[in-house]
Protein chains: 2
Amino acid sequence: MKSGFITAADVAREAGVSRSAVSRTFTPGASVSKDVRERILRAAEKLGYRVNRLAQGLQMAQSNLVGVVAANLTSPFNTALLDGISAALFKRGLQCMLLNAEAARDDIGNLVNQVLEYRVRAVIILSGAPPEEIIEACLRNDVRLILINRGTLPGNADKIDTDDLTGGRLAAERMLQDGRRHVAIMRSGNGSVSQKRRVESFVTRMNQADVKITDWMRGPNSFETGCEAARILLADKSIDGAFCATDLIALGFLNTARFELGIQVPRDFSIIGFDNIPETEWPSHRLTTVSHPVKAFIEAILNCLDDDRQLSEGALNFTIPVELIERGTTAAHDA
Amino acid sequence: MKSGFITAADVAREAGVSRSAVSRTFTPGASVSKDVRERILRAAEKLGYRVNRLAQGLQMAQSNLVGVVAANLTSPFNTALLDGISAALFKRGLQCMLLNAEAARDDIGNLVNQVLEYRVRAVIILSGAPPEEIIEACLRNDVRLILINRGTLPGNADKIDTDDLTGGRLAAERMLQDGRRHVAIMRSGNGSVSQKRRVESFVTRMNQADVKITDWMRGPNSFETGCEAARILLADKSIDGAFCATDLIALGFLNTARFELGIQVPRDFSIIGFDNIPETEWPSHRLTTVSHPVKAFIEAILNCLDDDRQLSEGALNFTIPVELIERGTTAAHDA
DNA sequence: AATGCGTTTGCACACGTGTGCAATTTAGCG
DNA sequence: CGCTAAATTGCACACGTGTGCAAACGCATT
């Protein structure tokens, strides 16, 4: 027991074969006789052998690690995404290397290094603050890059984007059906690309119907941001609707409007969110929202990972479909 | 540009020195002259050199990876913990390898392998379903193990546990101050050690005061579990209080009790949760709860990681202090 | 039995790094 | 300048794995 770890050589000695045979036994599709394979498996089991992925990665010039750069892990939608990604990667035999972009805010260079130094198979960037630097570095080092809701950036990275245009339009149509004439639109201050698209699409449709718009863009993507917006915006009694770029903001807005300011939602006021996080289903809120299912994101990501074209041959693009989920913060349909 | 990656040898050639010098330049405390160091750094910068961590890990017989085994990533407390851990690891120059225990439920052996094959520096197990197998495997392979809220298991793993006994007692005292005589206690069906401790401590105190107890242990740790419990338990009109082992369950219970069944909380009914997740502060709920701060967990984890004693010399133990956070689901204090 | 062909096996090299050891250069000091 | 100690540098090995190549082997057909 030197250093506590068993190597392929140890197994080979135990089984009375060459080290190559051990390696081949654990390499799918390699040529080993049934007899030898069984003897090796028995020896490996007995000694508790585990292949050293570091050595394997060195030899293969690539690891099974996939870097996942996430920010705002407190946002339920992001964690749902992370949950799905980590599960999917595990089932593919890949490892999930989680990098907290928040913690690396003023040290992006270091973050880039940590990813690249491990020769990761790919890097997935969840929406959030835009680390441009990492994008450029990945592309320069031939590391596959998967961007989620970051819009059309230059460079051939795979891109997966919510159909925000349809999402914004669906929300607008619903708002118009409710007969609202002056709606507030809200998003967080750090201007994510995806939030911008939703809001712009919403505004475009509202403008066509001559509905007045009041814009709010401030603070982090949080419940409190919605609360604050409600307290200030709702001083203007002419506002009769709100479209929030994320559910978290929408829930804060709704909470303050309904329970603090006593506004009758949906009778006098309509609220629509975006993401369809679990909290929207709480009976106390029942928020009408636009959903872009996590499942669809996962599928798209797996498609990107499975695709084994060269990086120079261009990239993949996926659009995640959306759906308006009508709950209790918009008026009931006219039948 | 062979294979797209620059090696130390490439840098050495560019700088006109030996490869050893390059290695030493990037090894803190090694002996390199100022002149050579600068020449090497310039060459490395120019070529875009990055250490290959796989080779480094192979050489050092250890990687900078830390395995984090998490289940129930949809629980806000767990994600807050994960957020803190990933940030702290990053700042320590360590990598966070996230493993989804949920996805590996019927494939724990595979999960064990994935961790050990990467020669991780340590494994952190967040509370949740108990993968006994991984614990045993880590200890057998001399991998440091950090158990969070999993109680006193055999084997010398570092253990970090919430002071559940005090937590349960504090909740009980508050409930008694409210004069409740029949309280329901709730926890999820998969019996986590930590939940069990809280509840038992609570019950012990209530028994001393001759308060009637109704037990509920069913379903996952979720909002819906709390809703379901409320609908069934509250048919019994004599119940006038509830202690929930997690905030998620407590919020579901509160939501159904207050908004669906119209029960006056806290006038006629007291509810106390556990975890102090952000949602407890929502004005619509303002849940009284027991907090065990994420910050304290992170500190304890870092202490474990920094500690470089041998595994055979015993393990560390930390107890996380708790605090009762009084909000709007228990009666106001008598002054 | 001899031939031919497909399968199995072992040798040896490569992957990129850290570091002990000895050789060499530099610095310090009289 | 000469001597000694210290700092620097290069060589060579080790870490554990996958795989090309050639040798050895098994088996069926002639």
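Convention: sequence-line order gives letters A, B, ...; per-chain numbering from 1. Remember, predicted model here, so these are calculated numbers, not experimental data.
Taking the salt bridge (charged side-chain N to carboxylate O under 4.0 Å, His left out) definition, one finds that B/Lys295 meets it with nothing, sequence neighbours left out.
Within the 4.5 Å cutoff, side-chain heavy atoms of A/Gln95 are placed close to those of B/Gln114. In this structure, the side chains of B/Glu102 and B/Asn72 come closer than 4.5 Å at one or more pairs of heavy atoms.
B/Asn317 and B/Asp158 form no side-chain donor-acceptor contact under 3.5 Å, judged by distance and modelled atom types alone. Donor-acceptor pairing under 3.5 Å is lacking for the side chains of A/Asp161 and A/Thr319.
Below the 3.5 angstrom threshold, one finds no donor paired with an acceptor across the side chain of B/Ser18 and the base of D/dC11. A donor N or O paired with an acceptor N or O is found under 3.5 Å between the base of D/dG18 and the side-chain atoms of A/Arg19. Applying the 3.5 Å distance criterion, the base of C/dG16 shares no donor-acceptor pair with the side chain of B/Arg53. Between the side chain of B/Arg24 and the base of D/dG10, at least one donor-acceptor pair of N or O atoms lies under 3.5 Å.
In this structure, A/Ile40 places its CD1 atom 8 Å from P of C/dT9, rounding to the nearest Å. Distance A/Phe5 CZ to D/dG16 P: 10 Å, rounded to the nearest Å. Between B/Gln59 atom CD and D/dT17 atom P the separation is 15 Å, expressed in whole Å.
The C1' atoms of five pairs define one axis at each end of the helix from C/dA1-D/dT30 to C/dG30-D/dC1, and these two axes lie 30° apart (to 10°).
Projected onto DNA chain C by closest heavy-atom contact, A/Leu58 and A/Ser31 fall at different nucleotides, the more 5' of which corresponds to A/Ser31. Checking B/Ser20 against A/Tyr49, the closest nucleotide of DNA chain D that is more toward the 5' end is the one next to B/Ser20.
The pair B/Asp306-B/Arg92 counts as a salt bridge, with a side-chain nitrogen and a carboxylate oxygen less than 4.0 angstrom apart.
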